[in-house]
Visitor: 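Pasting in a structure now, in structure tokens, and then I'll have a few things to ask.
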Amino acid sequence: MSTSDISQQSMHSVEEALDLLLSNVRPITDIESVHTMQTLGRVLAEARYSRINVPPADNSAMDGYAVASRDIMPEASGKKEIKLPVSQRITAGRAGNPLVPGTAARIFTGAPVPLGADTVVMQEYCRLDEDGMVTIQTPVTPGVNVRYAGEDITKDDQILAAGTKMAPQHMGLAASTGLEELPVYRRLRVAVFCTGNELVEPGQPLKSGEIYNSNRYTLVGFLTALGCEVVDIGIVRDDLETTQEALLTAAEQADLIITSGGVSVGDEDYVKIAVNRLGQIEMWKIAIKPGKPLAFGNVRSIPIIGLPGNPVSLFVTFCLFARPFILRLQGMKDVKPKSISAVADFEWPAANKRRQFLRGKLNGAGNGNATIKIYPHQGSGVLTSTGWADGLAVIPENRAVKRGDTMNFLPFSELLS
Ligand code: AMP
Ligand code: MG
């Protein structure tokens with residue numbers, strides 16, 4: 001990489017910039033074994049296979065009576081009801097005895113179906129008589145209400161692929177096959193700092209010319225949701241020495257450095273110069289609105305992503321670029337968010353070659369019929385828009401939006417974890 005003057009560069013499309021970024025990822029390789037209970041959000045390092053059938057044995061899907069279907073066939077008896085003696089009672093967690101031919105076994109949901117039985121009649125279709133016999137309404141479909149051994153998972157089946165980001169359902173699935181520990185990649189360590197002489201932390205009074213450091217909170221929130229360990233370096237003043245020191249501290253402790261601000265072309269933008277002294281940096285002009293400038297480079301071989309300081313630009317560029325980069329570093333393969341199709345309930349002008357990401361809210365059901373409203377104020381400093389919205393409405397390059405147009409929408413659920 002070389003330093004290049006942003007003003008002389010052509011603009012990258014979102015796809016070009018993302019592909020460039022992802023081509024630079026060297027995913028984490030350190031693996032640790034973690035109790036299945038602690039794996040939420042962690043990335044599985046190796047595929048897992050089941051050592052057992054699930055369920056391990058044929059069992060009842062209902063509370064009722066287990067029978068051999070040949071004993072309840074109406075053809076055999078010519079009656080609408082069949083009366084059988086109840087020979088045993090099988091509750092969940094207990095293995096019953098083999099079914100005595102010509103009898104029924106009282107059985108409960110999850111209990112093993114006894115040898116010799118192949119059908120469970122729901123208790124709603126049965127009447128227990130005072131003589132201890134059960135009267136069963138016929139006809140009964142042979143084989144009903146039995147969950148067969150291996151119906152969910154067959155022994156040796158792959159249950160989890162390498163690169164799976166563990167969600168609650170994956171934790172349950174692993175536990176259903178008895179897996180107590182799972183091999184996951186170690187947590188990614190991400191160092192963050194925010195540049196700007198104007199920044200003050202919440203809790204401090206604001207003096208003239210100062211603003212609160214909101215980007216630090218947005219970034220730490222993003223990173224925590226992504227399961228990263230955060231090395232929080234705080235505010236870094238607009239000064240070359242201080243910026244260099246912060247970069248070195250970050251590079252010593254982290255797998256990735258993310259910074260806020262100081263990457264445009266102003267005199268007080270030191271991130272670019274400081275990174276260039278310690279490593280390499282490229283400034284990318286990306287054809288998006290909000291959030292045009294993005295810096296990418298490395299300090300002592302540690303990758304650094306420099307996000308723009310405007311709070312909404314930072315929010316959008318984190319979602320579009322930093323998040324997929326982090327997911328890939330964590331060992332995931334599928335890192336691009338999936339958009340849905342919805343109908344614009346607003347009008348908006350084109351921004352020439354720039355793709356626009358408006359903060360919007362979805363109304364109504366899916367099937368492409370949901371409508372999108374946008375926050376009325378879409379300025380790159382208006383953080384309120386991100387709190388109000390539930391996703392980003394995507395306006396393609398060189399396109400204006402008319403009410404009723406179909407467009408893509410990126411729900412925050414695709415972007416925030
Ligand atoms: P910069 O990218 O440093 O030129 O900053 C662009 C704009 O974003 C300026 O108005 C800054 O005051 C604002 N800004 C920069 N950093 C932060 C931050 N950490 N929190 C809130 N606003 C910020
Ligand atoms: Mg600044």
Side-chain angles (χ1 to χ4, degrees), residues 3-7 9 11 17 190-224 230-247 249-250 254 256-277 281-297 304-323 354 357 359 375 377-389:
T3 321
S4 43
D5 184 346
I6 192 168
S7 59
Q9 252 184 38
M11 287 202 285
V190 183
V192 283
F193 64 78
C194 298
T195 67
N197 286 340
E198 72 278 35
L199 302 179
V200 176
E201 284 300 322
Q204 302 298 312
L206 270 190
K207 296 206 268 308
S208 155
E210 294 177 337
I211 59 168
Y212 284 119
N213 180 9
S214 62
N215 289 347
R216 177 178 173 218
Y217 288 76
T218 309
L219 285 173
V220 171
F222 270 133
L223 294 169
T224 307
V230 182
V231 180
D232 180 10
I233 294 177
I235 297 169
V236 171
R237 299 294 158 203
D238 291 318
D239 155 278
L240 190 53
E241 282 302 308
T242 317
T243 310
Q244 277 184 219
E245 274 165 33
L247 286 168
T249 308
L256 168 67
I257 306 167
I258 294 186
T259 64
S260 140
V263 289
S264 43
V265 286
D267 291 344
E268 297 296 314
D269 292 329
Y270 292 105
V271 173
K272 187 173 57 179
I273 309 167
V275 175
N276 204 45
R277 283 200 174 176
I281 191 157
E282 278 190 32
M283 298 298 302
W284 295 344
K285 229 162 136 183
I286 305 177
I288 55 170
K289 192 177 176 186
K292 199 159 46 169
L294 188 84
F296 179 68
I304 171 166
I305 299 176
L307 301 176
N310 272 311
V312 178
S313 308
L314 173 121
F315 182 88
V316 170
T317 51
F318 187 98
C319 291
L320 298 180
F321 302 108
R323 178 181 171 275
R354 294 163 76 180
F357 294 87
R359 272 71 63 216
Y375 193 72
H377 199 157
Q378 292 283 332
S380 62
V382 181
L383 207 46
T384 321
S385 67
T386 59
W388 175 89

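Start at 1 and go down the list; that is how both ligands and their atoms are numbered. Owing to the predicted nature of the structure, the values given are computational and were not obtained by experimental measurement.
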Visitor: May I ask you to identify, for I211, whether its side chain, its backbone, both or neither come under 4.0 Å of ligand 1 on a heavy-atom basis?
Guide: side chain
Visitor: Could you give the distance from CG (N215) to OG (S313), rounded to the nearest 0.5 Å?
Guide: 9.0 Å
Visitor: Can the ring centroids of F222 and F315 be said to lie less than 6.0 angstrom from one another?
Guide: yes
Visitor: Among all protein heavy atoms in this structure, tell me which lies nearest to atom 3 (O) of ligand 1, with the distance rounded to 0.1 Å.
Guide: G262 N, 3.0 Å
Visitor: So among T259, L219, V263, which one has a side-chain contact (heavy atoms from CB on, under 4.5 Å) with L307?
Guide: L219
Visitor: Could you tell me the residue and atom name of the protein heavy atom closest to atom 10 (O) of ligand 1, and the distance to it rounded to 0.1 Å?
Guide: N310 OD1, 4.2 Å
Visitor: Give me the nearest non-hydrogen protein atom to atom 11 (C) of ligand 1 as residue plus atom name, then the distance to 0.1 Å.
Guide: E198 OE2, 3.1 Å
Visitor: Considering heavy atoms of the protein only, find what lies nearest to atom 4 (O) of ligand 1 and give residue, atom and distance to 0.1 Å.
Guide: S264 OG, 3.7 Å
Visitor: With a cut-off of 4.0 Å, which atoms of ligand 1 are near a heavy atom of N213?
Guide: 18 (C), 19 (N), 20 (N)
Visitor: Under a 3.5 Å distance rule, please check whether T195 uses its side chain to pair with a backbone N or O of S260 as donor and acceptor.
Guide: yes
Visitor: Nearest non-hydrogen atom to atom 16 (N) of ligand 1 belongs to which of D238, V200, N215?
Guide: N215
Visitor: Could an N or O of ligand 1 be found under 3.5 Å from any N or O of V263, whether backbone or side chain?
Guide: no
Visitor: Atom 23 (C) of ligand 1: which of G196, G209, G309, C194 has the nearest heavy atom?
Guide: G309
Visitor: Checking the side chain of N310 only, and the main-chain atoms of G381 only, is there a donor and an acceptor separated by less than 3.5 Å?
Guide: no
Visitor: So, the side chain of Q244 versus the backbone of E241: is there a donor-acceptor pair under 3.5 Å, distance only?
Guide: no
Visitor: Going by the atom numbers of ligand 1, which of them fall below 4.0 Å from some non-hydrogen atom of Y212?
Guide: 20 (N), 21 (C)
Visitor: For the pair R237 (side chain) and T242 (backbone), establish whether a donor and an acceptor sit closer than 3.5 Å, ignoring hydrogens and angles.
Guide: no
Visitor: Just which atoms of ligand 1 are under 4.0 Å from any heavy atom in S260?
Guide: 16 (N), 19 (N)
Visitor: Taking the side chain as every heavy atom from C-beta outward, state whether F193 and I258 have any atom pair closer than 4.5 Å.
Guide: no
Visitor: Determine whether the side chain, the backbone, both or neither of S214 has a heavy atom under 4.0 Å from any heavy atom of ligand 1.
Guide: both
